[in-house]
Structure formats: structure tokens, C-alpha cells
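Each remark here refers to the structure printed beneath this line.
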Amino acid sequence: MLVYPSAIDLSTAHLRRLARQLAGHRREIGTRWRRLAPGRQALLVLAHLRCGDTYAQLAAGFGIGIATVYRYIREAIEVLAALAPTLDETIATARKKAYLILDGTVLPIDRIAADRPYYSGKKKHHGMNVQVLTDPFGRLLWASPALPGATHDLTAARAHGIIDALATAGCITAGCITYADKAYQGAGRPVRVPFRGRRLKWWQRRYNTTHAKIRCVGEQAMAALKGWRLLRKLRCSTTRITDIVKAVLALHHAST
């Protein structure tokens with residue numbers, strides 16, 4: 001296999017933070033020797049997450065076996081996933097924000113037609129449903145565990161406890177409002193959604209226009225999440241996708 005030098009569109013902050021975490025993990029478990037130093041392992045993991053490079057490509061580029069690449073990546077993802085903020089921590093931070101934006105996305109996965117629970121009728125492909133909370137500037141604050149793509153956004157938000165957390169955390173009295181799209185109709189007081197229907201009054205149309213201008217900023221967070229190319233087409237086990245999303249979230253926060 002031919003090998004060539006390449007670049008990763010990330011800052012050195014990502015590499016330094018991941019290398020420090022991996023070095024600390026090695027000391028904790030008592031590792032004496034590895035084929036790659038923590039910095040090189042961190043670079044390998046970033047190439048996989050950001051560029052979507054396969055195990056075979058990384059094995060050839062770093063001069064190690066495919067099984068070793070698999071272990072290095074899985075180890076790093078578990079370390080990073082433990083650093084991702086929880087929903088309670090995010091809600092506590094959100095109290096200082098003017099409002100939040102709640103949205104859902106379906107990450108494409110490699111599945112066959114028989115896997116109906118993973119098929120999203122809205123997106124017309126198999127995937128995993130992930131809920132995202134962003135601040136008024138479109139910065140990614142939190143990403144939920146992944147559920148099968150057939151799960152409705154409102155159902156997923158309730159399953160993760162997002163609606164209850166917004167309702168009971170004092171966000172309403174503190175002035176923290178959450179904006180979401182029509183998929184969250186029926187979420188209750190914590191979540192503001194646009195009006196539905198064709199024959200809307202002028203003030204309802206005006207409200208929907210203002211609501212759309214506010215909510216569209218959340219697309220920046222979606223773009224930041226899918227900027228990690230591995231998430232554009234996941235070919236791993238569905239049980240690992242939650243940790244991968246958490247790892248990406250932790251790396252995203254490392255540079256903000």
C-alpha cells in the first residue's frame with residue numbers, strides 16, 4: 001500500500017489535550033511500552049475521527065498492525081467519552097445563556113434494508129438519532145446518546161430527559177428559553193416551537209419567521225459535528241456510536 005503525507009484541519013490544541021489524556025491513562029493502567037508514543041497515538045485517533053481514515057490506511061501509515069490500530073482507537077474514544085459534559089452540567093451552564101436551541105440529526109450508518117428500527121423515514125436512510133443543544137451563537141454544548149434512526153425527535157428528547165431537565169432546572173424562571181422545530185410539538189412550556197398549518201394569522205407567520213431566524217443558528221453546531229468525517233458514514237457497531245459522539249464532543253470543547 002502506498003503511503004503519502006497528509007494534513008488534518010485541526011488545531012494543535014486537540015492533539016495536545018488528547019495526548020495528555022492518553023499519557024495519563026497509560027500511567028493509570030501501568031503501561032510500560034507501546035509501539036506509538038501518546039502523541040503519535042493521538043494523531044492516529046484524530047486522523048480516524050476527523051478524516052474518516054480506515055484501520056488499514058492508518059496501519060500502513062503508522063507502520064503498525066490493524067489490530068493495534070483498533071485497540072488504540074477504542075482506548076482513546078473511551079478516554080475522551082468520559083470527558084464529555086453531562087446533560088446536568090450543560091443545563092447548569094445554560095442558565096447563564098439567553099436561550100438554547102434544541103435540534104436533532106440522524107447520523108448515517110451502514111445497515112441493510114431489514115434493519116427497520118434504524119431507518120429514518122424523514123431522512124430516507126439508516127442512521128442513529130442524536131439530539132443536540134446549542135447556545136445563541138450556534139456553539140455546540142451537548143450531544144445526546146444515539147438512538148435508532150426511526151426514533152422521533154420528541155420521543156428521543158423525552159427519553160434522554162431533555163424536556164424534564166429544561167422544565168425542572170429553573171431555566172424558565174431564569175429566562176432561559178429553548179427554541180426547536182415543529183418536530184417538538186407537544187414538548188410543553190420549556191420548548192418554543194413554530195405554529196403549524198397553512199392558514200396562519202399574520203402574527204403567527206411573523207412569529208414563525210422570527211423563530212426560524214433564531215433557530216437556524218443551530219445549524220452551525222450540526223455542521224461542526226459533521227465536520228468530523230467519521231460521523232458522515234458510520235460503519236462500526238451501533239453500540240459504539242454513543243461513545244464516538246461523546247469523544248467528538250469532548251474534542252470539540254477542547255478548542256473552544
Side-chain angles (χ1 to χ4, degrees), residues 1-90 92-93 107 109-110 128 130 132 139-146 221 224-256:
M1 184 179 294
L2 297 176
V3 179
Y4 67 95
S6 184
I8 305 175
D9 55 339
L10 293 173
S11 67
T12 55
H14 296 88
L15 182 64
R16 288 196 300 266
R17 179 171 186 182
L18 180 52
R20 286 196 301 268
Q21 294 297 329
L22 290 175
H25 177 70
R26 291 185 182 188
R27 289 193 299 268
E28 182 179 346
I29 64 177
T31 299
R32 295 184 178 182
W33 181 84
R34 292 281 186 94
R35 287 290 302 274
L36 297 182
R40 292 287 289 171
Q41 181 183 356
L43 184 62
L44 180 149
V45 174
L46 292 177
H48 178 66
L49 294 176
R50 187 67 175 184
C51 303
D53 292 344
T54 64
Y55 294 160
Q57 291 172 326
L58 294 171
F62 285 84
I64 56 179
I66 293 179
T68 304
V69 171
Y70 173 82
R71 290 196 301 270
Y72 279 174
I73 290 175
R74 182 153 191 164
E75 177 186 50
I77 287 176
E78 290 175 354
V79 170
L80 287 171
L83 301 176
T86 64
L87 178 59
D88 292 338
E89 293 171 345
T90 303
T93 303
L107 302 177
I109 61 173
D110 186 16
M128 298 294 285
V130 175
V132 172
R139 290 189 289 258
L140 179 62
L141 298 178
W142 180 78
S144 73
L225 189 65
K226 294 181 180 180
W228 299 81
R229 296 174 184 82
L230 183 67
L231 298 181
R232 298 179 186 178
K233 186 66 173 181
L234 289 156
R235 294 178 172 83
C236 61
S237 170
T238 55
T239 59
R240 294 185 55 205
I241 294 177
T242 292
D243 280 349
I244 292 175
V245 172
K246 288 183 177 180
V248 168
L249 180 62
L251 287 171
H252 176 77
H253 284 184
S255 61
T256 57

Open item on the list: Show, in sequence, the C-alpha distance, side-chain angles and deciding distance for His14 and Leu46, and conclude whether the side chain to side chain contact (heavy atoms under 4.5 Å, CB included) test is met.
Closed with: CA-CA 8 Å; His14 296 88; Leu46 292 177; 4.2 Å; yes
- [ ] Locate the shortest heavy-atom distance separating Ala84 from Ala250; write the atom from each residue and the value.
- [x] N-CB, 4.2 Å
Task: Ile77 CD1 to Arg240 CZ distance, which is reported to the nearest 0.5 Å - done: 5.0 Å
Open item on the list: side chain to side chain contact (heavy atoms under 4.5 Å, CB included) for Tyr72 and Arg35? Distances and angles first, verdict last.
Closed with: CA-CA 10 Å; Tyr72 279 174; Arg35 287 290 302 274; 3.9 Å; yes
Task: Any Trp228 side-chain heavy atom under 4.5 Å of Leu10 side chain - done: yes
Open item on the list: Exactly one of Ile244, Leu230, Leu43 should register a side-chain contact (heavy atoms from CB on, under 4.5 Å) with His48. Which one does?
Closed with: Leu230
Open item on the list: Would you say that Leu83 contacts Arg17 through its side chain, given a criterion of any heavy-atom pair below 4.5 Å between the two side chains?
Closed with: yes
Task: Atom pair SG (Cys236) and OH (Tyr70), whose distance is rounded to the nearest 0.5 Å - done: 9.0 Å
- [ ] Please report the shortest heavy-atom distance between Cys51 and Ala7, naming the atom on each side.
- [x] SG-O, 4.4 Å
- [ ] Quick one: pull up CG in Leu44 and CD in Gln57 and give me the separation to the nearest 0.5 Å.
- [x] 11.5 Å
Task: Straight-line distance of Arg74 CZ to Asp243 CG, nearest 0.5 Å - done: 8.5 Å
Task: Nearest-0.5 Å distance, NZ of residue Lys233 to CG of residue Asp110 - done: 5.5 Å
Open item on the list: So Leu249 and His253, do their side chains get closer than 4.5 Å, heavy atoms only?
Closed with: yes
- [ ] Check whether any side-chain heavy atom of Glu75 sits under 4.5 Å from a side-chain heavy atom of Gln41, and report yes or no.
- [x] yes
Task: Nearest-0.5 Å distance that lies between atom CG in Leu49 and atom CZ in Arg229 - done: 12.0 Å
TODO: Quick one: closest heavy-atom pair of Ile66 and Tyr55, and the distance?
DONE: CG2-CB, 3.8 Å
TODO: Mind listing the closest non-hydrogen atom pair of Gly65 and Ala59 along with its distance?
DONE: C-CB, 3.9 Å
Task: Test side chain to side chain contact (heavy atoms under 4.5 Å, CB included) applied to Ile73 and Leu58, step by step - done: CA-CA 10 Å; Ile73 290 175; Leu58 294 171; 3.9 Å; yes
Task: Side chain to side chain, Leu107 and Val245, heavy atoms closer than 4.5 Å - done: yes
Task: Atom of Ala42, atom of Ala19 and distance for their closest heavy-atom approach - done: CB-N, 3.8 Å
Task: Val130 side chain near Ile241 side chain, heavy-atom distance below 4.5 Å - done: no
Task: Those residues that, when tested against Arg232, pass salt bridge (Lys or Arg N to Asp or Glu O under 4.0 Å) (two or more places apart) - done: none
Task: Evaluation steps, side chain to side chain contact (heavy atoms under 4.5 Å, CB included), between Arg34 and Leu22 - done: CA-CA 12 Å; Arg34 292 281 186 94; Leu22 290 175; over 6 Å; no
Task: Thr90 to Pro85 - nearest heavy-atom pair and separation - done: OG1-CB, 4.1 Å
